[in-house]
Amino acid sequence: IHTMEPKDSNGNILQAGDSVVVTQTLKVKGFSSGIKRGTVVKNIRLTDDEDAIEGKVEGSVIVIKTCYLKKK
């Protein structure tokens, strides 16, 4: 059985409840300026996709690809 192990851009394993930092500015529909590099996303949730996590940014829940994140 393959267990899902989402990893950040440095290869660290991410777990639900972790805090992560965005490594580059990302454009997001519905956000005027997107998500700036260095934004901290706290208390992440894992998704069915190993390459993405769910997190709250500016009060909105969004899905972010793990290749743009590093564990705090």
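None of these values were measured; they are calculated from a predicted model. These values consider heavy atoms only, across backbone and side chains, with no hydrogens, waters or symmetry-generated copies. Sequence positions, counted from 1, serve as the residue numbers for this chain.
Rounding to the nearest 0.5 Å places OG of Ser9 at 7.0 Å from CG of Leu69. Summarising the geometry, atom NZ belonging to Lys7 is positioned 14.5 Å from atom SG belonging to Cys67; distances are rounded to the nearest 0.5 Å. Taking OG1 from Thr66 and CD1 from Ile53, the interatomic distance works out to 8.5 Å, rounded to the nearest 0.5 Å. Note that the CD atom of Glu5 and the CD1 atom of Ile13 stand 4.0 Å from one another [nearest 0.5 Å].
With sequence neighbours excluded, the residues forming a side chain to side chain donor-acceptor pair (under 3.5 Å) with Asn12 are Asp8, listed by chain and number.
When all heavy atoms are compared, the tightest approach of Gly17 to Asn43 is CA-OD1, 3.3 Å.
Legend: salt bridge (charged side-chain N to carboxylate O under 4.0 Å, His left out) pairs involving residues 51-72, not counting sequence neighbours, sorted by first then second residue: Asp18-Lys71, Arg45-Glu54.
Hydrophobic side-chain contacts under 4.5 Å tie Val40 into a cluster, directly or through other members, with Val21.
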Can you give the donor-acceptor pairs under 3.5 Å from side chains of residues 27-39 to other protein atoms, not counting sequence neighbours?
{"residue": "Arg37", "atom": "NE", "partner": "Thr23", "partner atom": "O", "Å": "3.0"}
{"residue": "Thr39", "atom": "OG1", "partner": "Lys36", "partner atom": "O", "Å": "2.6"}

